[in-house]
Amino acid sequence: MYRILFLCFVVSVSSKFAWKHHNNEELPVVLEEVHQKCPNITRVYALTEPSVRNVPLYVIELSDSPGFHQPYKPEVKYVGNIHGNEVLGRELLLGLADYLCEQYNNNDRHIRALIHNTRIHLLPAMNPDGWQLSTDAGGQDYLIGRNNNHSVDLNRNFPDLDAITFEFERQGISHNNHLLRDVTRLAAPLEPETRAVMRWMMSIPFVLSAALHGGDLVANYPYDESRSGAPVSEYSASPDDDTFSSYNFGVQGGVTNGAAWYSLKGGMQDFNYLATNAFEITLELGCDKYPLEKDLEKEWHRNKDALIAYIWKAHTGVKGIVTDDSGFIQNAVISVVNITGPVPKPIRHDVTTGTYFIIN
Ligand SMILES: *[C@@H]1O[C@H](CO)[C@@H](O)[C@H](O)[C@H]1NC(C)=O
Ligand SMILES: *[C@@H]1O[C@H](CO)[C@@H](O)[C@H](O)[C@H]1NC(C)=O
Ligand SMILES: *[C@@H]1O[C@H](CO)[C@@H](O)[C@H](O)[C@H]1NC(C)=O
Ligand SMILES: [Zn+2]
């Protein structure tokens, strides 16, 4: 599924992570250094397609079974730098990879438990070409480098599954999950970065995800699109609204329904929710899209605990396997009913079991 990587860098084993803006050549070196320090719990891979300018989209996986999905181990991902000029997430994810590895090796019980029970995938840069353009322009422009090299905003380029599910709602059809097969036409051609991330999302049974942006200070959750599709700000609740808006995800200020903030079409967050089992939220890490190098470490200390606590959220709720006499059942549909209130309340967004189990 993924291209095998042949990274021929000379890596010193004692390499120490540095807080700086890592360019597109340095990024895979950092990942490879983490892998050298933690070979048993990491794997570096590239998505199936590179960027427009042919930069591979590198991911580092942290788990005690690199390369394999295991029952009861939720799959979590973080995606950084989807907007090329929003660069903090990229550095935070490189720092997070290094931190998890270091703490694992230091026998940090909390981090060891996290890695033994979770499969974590970090994609620091979904839009390396935009990063380059933005950086070459000095990094301080509000728009330069936001889009990919075809001038496409990748966070508007996903198939608009909201429109499909809202149309089903109007017709009284309750079908709002795994909707990719219901796409009959695309508003715009898929960009290579979008396609690569879509294949990644469809091939690993992710349950939790966040995309790291910058330019504001807010966390938002599905739906991102208004029910009318109009570019207005109106609350657009998903069937899991109680979960997204509950204290589990945060009732502090600065957490909002996506469309209540502003409506957008073709975003990655709602695509996760409507095409896969993954709950994704969008994190706007701060008003400065391209912080100064000297501030990166301070930003890390501000965000570190939240980034780790969010991964633990993958262990909220129920996990298990669906079997019959012949073994695991793939693609079994699971309907959930909330029975904590006075009246049982179905959560009308089914999830499915994974399509494969590989146990090594
Ligand atoms: C990796 O695992 C092997 C086998 O369990 C062990 O001998 C080795 O020390 C581990 N390496 C690291 C860096 O933890
Ligand atoms: C595409 O990349 C090239 C090389 O980095 C750059 O000169 C050009 O401005 C980019 N175009 C767009 C639309 O980003
Ligand atoms: C379940 O229902 C209770 C009572 O109505 C509500 O407070 C809670 O948020 C719901 N939880 C979920 C996950 O829907
Ligand atoms: Zn953004």
Side-chain angles (χ1 to χ4, degrees), residues 23-25 50-55 78-90 92-93 123-139 141-158 191-194 197 207-208 210-222 224 237-251 255 258 261-262 264 266-269 273 279-291 313 316-318 334-351:
N23 67 29
N24 289 334
E25 287 74 46
S51 70
V52 172
R53 305 283 310 169
N54 214 27
V55 179
Y78 277 132
V79 176
N81 205 201
I82 177 172
H83 291 139
N85 63 339
E86 299 168 12
V87 306
L88 180 57
R90 170 182 174 124
L92 291 182
L93 294 184
L123 168 60
M126 180 174 166
N127 183 3
D129 300 345
W131 183 90
Q132 191 65 56
L133 197 72
S134 162
T135 302
D136 291 347
D141 190 89
Y142 202 74
L143 287 175
I144 294 175
R146 175 184 174 90
N147 297 340
N148 79 343
N149 199 256
H150 289 151
S151 302
V152 173
D153 186 335
L154 297 175
N155 204 34
R156 306 289 184 275
N157 188 235
F158 285 80
E191 292 300 309
E193 297 88 350
T194 313
V197 166
V207 293
L208 192 66
L212 280 58
H213 292 247
D216 215 316
L217 189 59
V218 70
N220 90 58
Y221 54 82
D224 253 341
S238 74
D240 286 287
D241 198 62
D242 281 341
T243 298
F244 282 121
S245 61
S246 77
Y247 63 92
N248 272 329
F249 281 67
V251 283
V255 180
W261 187 29
Y262 68 89
L264 65 88
M268 182 166 70
Q269 168 184 283
Y273 185 68
F279 282 17
E280 182 172 274
I281 62 168
T282 301
L283 299 172
E284 298 280 351
L285 298 168
C287 297
D288 197 352
K289 292 188 177 189
Y290 207 120
K313 294 294 179 203
T316 306
V318 180
I334 300 165
S335 300
V336 182
V337 178
N338 179 356
I339 56 165
T340 56
V343 193
K345 208 169 90 184
I347 296 175
R348 299 191 188 282
H349 180 260
D350 295 341
V351 292

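Remember, it's 1-based here, ligands and their atoms both numbered in the order they're listed.
- Side-chain atoms of T194 and N157 include a donor-acceptor pair closer than 3.5 Å.
- Applying the 4.0 Å criterion to heavy atoms of T340 picks out, from ligand 3, the atoms 1 (C), 2 (O), 3 (C).
- From the protein, the heavy atom lying nearest to atom 4 (C) of ligand 3 is G341 CA, 3.9 Å.
- For the residue pair N338 and T340, a side-chain donor N or O sits within less than 3.5 Å of a side-chain acceptor on the partner.
- The shortest separation from a heavy atom of R53 to ligand 2 is under 4.0 Å, placing the residue in contact.
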Could you go through the side-chain contact (heavy atoms from CB on, under 4.5 Å) check for V337 and I347 one step at a time? CA-CA 6 Å; V337 178; I347 296 175; over 6 Å; no

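- Taking atom 6 (C) of ligand 3 as the reference point, the nearest protein heavy-atom neighbour is N338 ND2, 4.1 Å.
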- prompt: So M126 and N81, side-chain contact (heavy atoms from CB on, under 4.5 Å) or not? Walk me through it.
  reply: CA-CA 6 Å; M126 180 174 166; N81 205 201; 5.8 Å; no

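- The pair D242-K345 counts as a salt bridge, with a side-chain nitrogen and a carboxylate oxygen less than 4.0 angstrom apart.
- For Q132, the side chain to side chain donor-acceptor pair (under 3.5 Å) partners two or more places apart in sequence, or in a different chain, are D136.
- In summary, the atoms of ligand 3 found under 4.0 Å from a heavy atom of T243, numbered by their order in the structure, are 13 (C).
- Protein heavy atom in closest approach to atom 1 (C) of ligand 2: N149 ND2, 1.7 Å.
- Take the Zn ion (ligand 4) and draw a sphere of radius 2.8 Å; the protein N/O/S atoms inside it number 4.
- For the ligand labelled ligand 2, residue D129 lies outside the 4.0 Å heavy-atom shell.
- Under the 4.0 Å distance rule, the nearest protein heavy atom to atom 11 (N) of ligand 2 falls inside the cut-off.
- In this pair, Y221 and F244 present their aromatic rings parallel. The plane angle is below 30°, not in the 30 to 60° band.
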(request) Please assess V55 against D129 for the test side-chain contact (heavy atoms from CB on, under 4.5 Å), listing each intermediate value before the final yes or no. (result) CA-CA 7 Å; V55 179; D129 300 345; 3.6 Å; yes

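- When the shell of 6.0 Å around CZ of R348 is examined, it contains 12 or fewer heavy atoms from other residues, nucleotides or ligands.
- Nearest protein neighbour of atom 9 (O) of ligand 3, counting heavy atoms only, is D242 CB, 3.6 Å.
- If you look at L133 next to ligand 2, the close heavy atoms, those under 4.0 Å, all belong to the side chain.
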* Take T282 and Q269 through the side-chain hydrogen bond (donor to acceptor under 3.5 Å, both in side chains) test and state the conclusion after the steps. => CA-CA 7 Å; T282 301; Q269 168 184 283; 2.7 Å; yes

Would L88 and Y290 count as a side-chain contact (heavy atoms from CB on, under 4.5 Å) here? Give the steps. CA-CA 7 Å; L88 180 57; Y290 207 120; over 6 Å; no

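- Residue S151 has no N or O atom closer than 3.5 Å to an N or O atom of ligand 2.
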